[in-house]
Amino acid sequence: MCFFCVCLALTSAVFAESEASTEKHDWYFKPCENEKQPSIDPKVDFLRKYDAFYAGKPDEKVIYLTFDVGYDNGYLESILDTLKKENVPAAFFVTGAVFKNSTDAIRRMANEGHLVCNHTDKHPDMSKITDKAQFAAELDSLNEKYKEATGCDMPKFYRPPMGCYSEQSLKFAKELGYKTVFWSFAYVDWYNDKQPAPQEAIKKIMSRTHPGMVALLHSTSKTNAEILPQIIAMWRERGYSFATLNELCATD
């Protein structure tokens, strides 16, 4: 083969390898009961290629507790009080809005050993952003707010707002040094005026608990704040322990 053809073939191969689809995906999983991990869309087999995680090992009774914090409506302190009392680590995926009135809570999260992670500054649909610099600006802007508040950079964990992502957006996140963290449990807990009844919430959470569970709860939920002590106790009664995202993302 001629030198030109070899160079062309190598260039094409590198280009093909670097390409990533811009097709939008909404994070989806099918819940299971009887302590089985949920199944996910088989079309997204590229997750680990881009350091994206949604659950830990299926044979280890470990829970990774995470909270999405779009804003603070008065329940953050109660949640933090419970976590401190129970000695449970958590990850809080925060947006820029939290820094407007709740910088003290952000500092408390960090000081008490929790991970304060990147949920973007303005909470846009990141799957629609195809320019890497614009994508990076959403993460960098939030990191600057955190750095101003704490003097440190944020841990390199990112959660796509609304669970919207593309292969390209995961690639951008990885290239920026982030690990993307989805979840293997969530329920409808974010409507302030339509909160689930505590017993209904407990039943749903416990029926779908599974080894390696990445639990997504919203910190704006009155119900979550009320039932968190009971949920933690029930998880422990079932033999579950708690771990951090650093431990989750170190597993294979």
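Positions are given from 1, in the same order as the sequence printed here. What you see is a predicted model; the values in this text were computed from it and never measured.
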Given the rule that I, L, V, M, F, W and Y join up when any side-chain heavy atoms are under 4.5 Å apart, are Y240 and L228 in one cluster?
-> yes

With E23, which residues qualify under side-chain hydrogen bond (donor to acceptor under 3.5 Å, both in side chains), at least two apart?
-> none

Would you call D51 and T180 a side-chain contact if the rule is heavy atoms closer than 4.5 Å?
-> no

Does Q195 reach the main-chain N or O of D189 with its side chain, forming a donor-acceptor pair under 3.5 Å?
-> yes

Shared ILVMFWY cluster between L216 and M109, side chains joined below 4.5 angstrom?
-> no

Among side-chain atoms of T66 and R159, is any donor-acceptor pair under 3.5 angstrom?
-> yes

Taking only residues two or more places apart in sequence or in another chain, which ones pass salt bridge (Lys or Arg N to Asp or Glu O under 4.0 Å) with D41?
-> none

Selection residues 192-205 - residue pairs positive for salt bridge (Lys or Arg N to Asp or Glu O under 4.0 Å), sequence neighbours left out | none

Answer yes if the side chains of E226 and T223 hold a donor-acceptor pair under 3.5 Å, and no otherwise.
-> no

Partners of D121 by side-chain hydrogen bond (donor to acceptor under 3.5 Å, both in side chains), sequence neighbours excluded?
-> S141, K145

Are I63 and I227 in one and the same hydrophobic cluster, where Ile, Leu, Val, Met, Phe, Trp and Tyr link if side-chain heavy atoms are under 4.5 Å apart?
-> yes

Output all residues satisfying salt bridge (Lys or Arg N to Asp or Glu O under 4.0 Å) with D72, sequence neighbours left out; order by chain, then residue number.
-> none

Would a distance-only check, ignoring hydrogens and angles, find a side-chain to backbone donor-acceptor pair under 3.5 Å from K61 to R238?
-> yes

Residues that F157 engages under ring-ring contact (aromatic ring centres under 6.0 Å, His included), provided they are two or more places apart | none

SB check K84 D81 (cutoff 4.0 Å) = no

Can you name the residues that form a ring-ring contact (aromatic ring centres under 6.0 Å, His included) with H123, not counting sequence neighbours?
-> H119

Has the side chain of R107 got a donor or acceptor atom that lies under 3.5 Å from a matching backbone atom of A149?
-> yes

Has the side chain of S169 got a donor or acceptor atom that lies under 3.5 Å from a matching backbone atom of S166?
-> yes

Any ion pair linking E167 and K171 (charged N to carboxylate O, less than 4.0 Å)?
-> no

Trace of the ring-ring contact (aromatic ring centres under 6.0 Å, His included) decision for F29 with F185 = CA-CA 9 Å; F29 61 88; F185 171 83; 7.8 Å; no

Can you get from Y187 to Y75 by hopping between Ile, Leu, Val, Met, Phe, Trp and Tyr side chains that sit under 4.5 Å apart?
-> no

Among Ile, Leu, Val, Met, Phe, Trp and Tyr joined by side-chain contacts under 4.5 Å, find the other residues sharing a cluster with L139 and list them by chain and number.
-> M126, I129, F135, Y158, F172, L176, Y178

Go through the structure and list residues passing side-chain hydrogen bond (donor to acceptor under 3.5 Å, both in side chains) with E86, not counting sequence neighbours.
-> R236

ring-ring contact (aromatic ring centres under 6.0 Å, His included) partners for F46, two or more places apart = H25

In terms of ring plane angle, is the pair W27 and W183 parallel, tilted or perpendicular, where the classes change at 30° and 60°?
-> perpendicular

Please identify each residue that fulfils ring-ring contact (aromatic ring centres under 6.0 Å, His included) with F242, with sequence neighbours left out.
-> W235

Students should find that the hydrophobic cluster of V188, defined by side-chain heavy atoms under 4.5 Å apart, otherwise consists of W190, Y191

